[in-house]
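Throughout, protein chains are lettered first and strands after them, A, B, ... in sequence-line order, and every chain is numbered starting at 1.
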Amino acid sequence: MRKYNPKLIEKKWQKYWEKNKTFEVKDDATKEKFYSLIEFPYPSGEGLHVGHPRPFTAMDVISRKKRMEGKNVLFPIGFDSFGLPTENYAIKTGKPPAEVTKKNIANFTRQLKMLGYSFDWSRAIDTSNPKYYKWTQWLFLQFFKHGLAYKKNQPINWCPKDKIGLANEEVVNGCCERCGTPVEKRNKEQWMLAITKYADKLLAGLKNVDYIERARVQQENWIGKSEGAEIVFSLRMIPGQADDKHSVTVFTTRPDTIFGATFVAVSAELAKKWLEVGWQASEEVKKYIDNILARRRASREEDLEKTGIAAGITAINPANKKEIPVWITNYVLGDVGTGAIMAVPADDDRDREFAEKYNLPIIANYSKAGFEDFGKKVIRYKLRDWVFSRQRYWGEPIPLVNCLHCGGWVPLPENELPLKLPKVAKYQPTDMGESPLATMEKWVNTKCPQCGGPAKRETDTMPNWAGSSWYFLRYADPHNDKQFASQEKLKYWMPVDWYNGGMEHVVLHLLYSRFWNIFLHDIGLVPVSEPYAKRTAHGLILAKGGEKMSKSKGNVVNPDEVVAKYGADTLRTYIMFMGPFDQAVEWDENGLVGVKRFLDKVWNLQEKIAPKIEKINLKLQTLLHQTIQKVGEDIEAMRFNTAISALMVLVNEMFKQEILLPTHYSPLLKLLSPFAPHLAEELWSVLGYKKTLVFESWPEYNLELTKESMVTLAVQINGKVRDEIIVAAETSEEEIKKLALASEKVKKWLEGKEPKKIIYVKGKLVSIVV
RNA sequence: GCCCGGGUGGCGGAAUUGGUAGACGCACAGGACUUAAAAUCCUGCGGCUUCGGCCAUGCGGGUUCGAUUCCCGCCCCGGGCACCA
């Protein structure tokens, strides 16, 4: 027997799979499909680190099991290759992003193949490839044609370091999510996608899918639906004098507190609008308003100290007709609700804090008022429309031209797609904050596809979210150059049956891609409304010490080194064994040793195989059936760590045997194959099989055979374990109670006292109460 | 502040319709094999103990024959949201 040599056998089986196209999947309508999906990686220059294989291996394990269960499994891979790091690298070095990306993808591909994943490489996609982004552009035009893409001049978050407009989602605590620089506000014409029109569908759709609880809750919070009433308060510009001309609308979720409203609080933004339409406020008030607005423009971090100023006007509470003051405050925000509230200090902590500071009355007075009694019922969402343009080079060009003659934006016809990214000399955005495309006059100045007259191209590009918003559709039909994907193929493959990814993507990527899919479903281009039937999420792999792995901290572990030292199967199995899949774990190289020893044992077991044996080992048979049951159930529940520990228990038991039946060894290899596929294939061939193990049937267990013939029962007295008895499984309750009472230890503890009660829990214990 | 997770040996972690706490693995200790070492194999491994037991799953109570598990009140760690009216 040779020694277990991962280097040799892993290369061998990877070649075999590639040559035999083992994992290339056909659209076979006679077979039940299973679509398992990972979040496709961004091909960074650093290559894979050991965090990547966690979700990949998990879904590979599931995909391999499904194949053995006879499913037609689509397990695709691709690269989300538009993105800032490559562009920043281009700015620094002048190297074209397309070239750098090509190199990085080659490196990622090598590493992923080295790990033995059962991806269908024939379907690999790359979002920055014009053949792919042709359809990203085409899909964007569908939004445009349906009025869901529009341009809007609005203050945007601006990162002065990256020189890029950021979506609200990319701003963390007032700073750029990528580089940490404090974000400024700037006015820019931006392409927007009207995701708010889909707020209700995005919310309702969550009821029909099986998402990990945390993901569902985070999506719901982000959409942020709240039911409330809009109530009109008429204003008196001169207190005490009714004029019936002016009013303010407030939003409240608690109209029943209206009798306790003692002032109206207005945001600086709304007050500014009043000034613009002729409100004559005092200089002091104007100064206050400008001051608040300036602070908000500078930073998203708001003052936590509440301030305000009496506006010098009053409002009439429609419930009790009382005249109450209007205050302009910093704690009411212009972009929330109507930008004005009725303040009820008796009920609301913030209103109370403000009222106490400025000595405003606090009145507790609740009514049975409903939403419609003093106003009209409205439903509000926190969700905002999606800023869909970036003033950058490395993204999909937006396929629109501006034509004065035609009166605005004209989409490119399909035969002019893809609109390719032109080569530019410099990748740096202009000082005006425009994409470098804006400097390409020849490219910018074009003909209007509608009227043939002179027109200018849009120079913004799409955000990095664009390509990943529909990639799961492309996998169904990746080489189609007539459509983004054919209806027939989408019908067969969609929805994704199981999508696993990081918690960091459960809000934005998931929401955006669901939005695209629901929209495409609405216009008849996609057969299902919800793209993902099931969504799970993995925990991060942290560096030793609990920190995130990052290049700057120099604590990144490269899988190349681990594979060179231990082999891919050990790395895969160890990553699955480390800890609970949905929790963060620290990388610890020591743990690899134990898994390598385990795989060595499996390898060495082949020495014990004896085809002819007289007596069946019943104990081992029972353990085998228990293991088959546990491993199967654990994989389905992503409890990979306990699945592997069950396999270790089985292998340890087999190791104690003098001889081993092939009928026991081969199911072990099948159970192990999703985790350590190369080793399993090799040993499978040692057993004399000529074909791959990949499509062999997943072992089944017999429930009767999982039951042990003898069981050990604990005997408790007043809840404390005092003895154990071993009985045949079929022993009657009465007999067991007798046996328990007959125990010497029990007699000693009873000291002659009569038991009050005897509780028997089948297969577990006997509890005697005295 | 609100919403999710989580807290168990030296370490990673098992155990859930309440039923023998510490599976499996690492590290460590002793032994076998070896001239020796590595590798491998065997044994031990929560703490205390007068060797009868006692104490232990973040802390304090409660329910129960029995609580890591359920209830009440707290503390700490991780993540998300946040003057959202």
Atom [atom1] of [X] and atom [atom2] of [N]: how far apart are they, to the nearest Å?
X	N	atom1	atom2	answer
Tyr4(A)	U40(B)	OH	C1'	17 Å
Lys382(A)	G80(B)	NZ	C1'	11 Å
Lys737(A)	C65(B)	NZ	P	15 Å
Lys596(A)	A39(B)	NZ	P	12 Å
Lys306(A)	A85(B)	NZ	C1'	12 Å

**Report entry** Short N-O contact, Lys656(A) and Glu653(A), less than 4.0 angstrom
**Finding:**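 Salt bridge between Lys656(A) and Glu653(A), a charged N being under 4.0 Å from a carboxylate O: yes.
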Query raised in the report: So, Glu220(A) and Arg216(A), do they make that salt bridge, N to O below 4.0 Å?
Result: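 Yes, Glu220(A) and Arg216(A) are salt-bridged.
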Does NZ or CZ of [X] lie under 6.0 Å from the centre of the six-membered ring of [Y], at an angle within 45° of the ring axis?
X	Y	answer
Lys306(A)	Phe354(A)	no
Lys322(A)	Phe259(A)	no
Arg572(A)	Phe675(A)	no

**Report entry** Stems formed with participation of RNA chain B [Watson-Crick or G-U wobble, under 3.5 Å, three or more pairs]
**Finding:**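 Consecutive-pair runs (3 or more) involving RNA chain B: B:1-7 with B:75-81, B:10-12 with B:24-26, B:28-32 with B:40-44, B:46-48 with B:53-55, B:58-62 with B:70-74.
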Requested in this report: Apply side chain to side chain donor-acceptor pair (under 3.5 Å) to Glu724(A) and list each qualifying residue two or more places apart in sequence or on a separate chain.
Outcome: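 Listed in chain order: nothing, the list is empty.
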Requested in this report: Give a yes-or-no answer on whether the side chains of Ser743(A) and Asp723(A) include a donor-acceptor pair shorter than 3.5 Å.
Outcome: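 Yes, side-chain donor-acceptor contact under 3.5 Å.
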What's touching nucleotides 18-21 of chain B from the protein side, N or O pairs under 3.5 Å?
| unit_1 | atom_1 | unit_2 | atom_2 | d |
| --- | --- | --- | --- | --- |
| G19(B) | N2 | Gln716(A) | OE1 | 2.8 |
| U20(B) | O2 | Glu724(A) | OE2 | 2.9 |
| U20(B) | N3 | Glu724(A) | OE2 | 3.3 |
| U20(B) | O4 | Thr712(A) | O | 3.0 |

Show the distances under 3.5 angstrom between N or O atoms of the protein and N or O atoms of nucleotides 54-57 of chain B.
| unit_1 | atom_1 | unit_2 | atom_2 | d |
| --- | --- | --- | --- | --- |
| C54(B) | OP1 | Arg722(A) | NH2 | 3.4 |
| C54(B) | OP2 | Arg722(A) | NH1 | 3.3 |
| C55(B) | OP2 | Lys720(A) | NZ | 3.0 |

Report task. Mind jotting down which residue pairs meet the salt bridge (Lys or Arg N to Asp or Glu O under 4.0 Å) criterion with at least one end in residues 622-633 of chain A? Sequence neighbours excluded, please. Result ->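 Sorted pair list: Lys630(A)-Asp634(A).
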Report task. Heavy atoms under 4.0 Å is the rule here; annotate nucleotides 2-14 of chain B 5' to 3' with B where the base is hit, S where only the sugar-phosphate is, and - elsewhere. Result -> -SS-S-----BSS
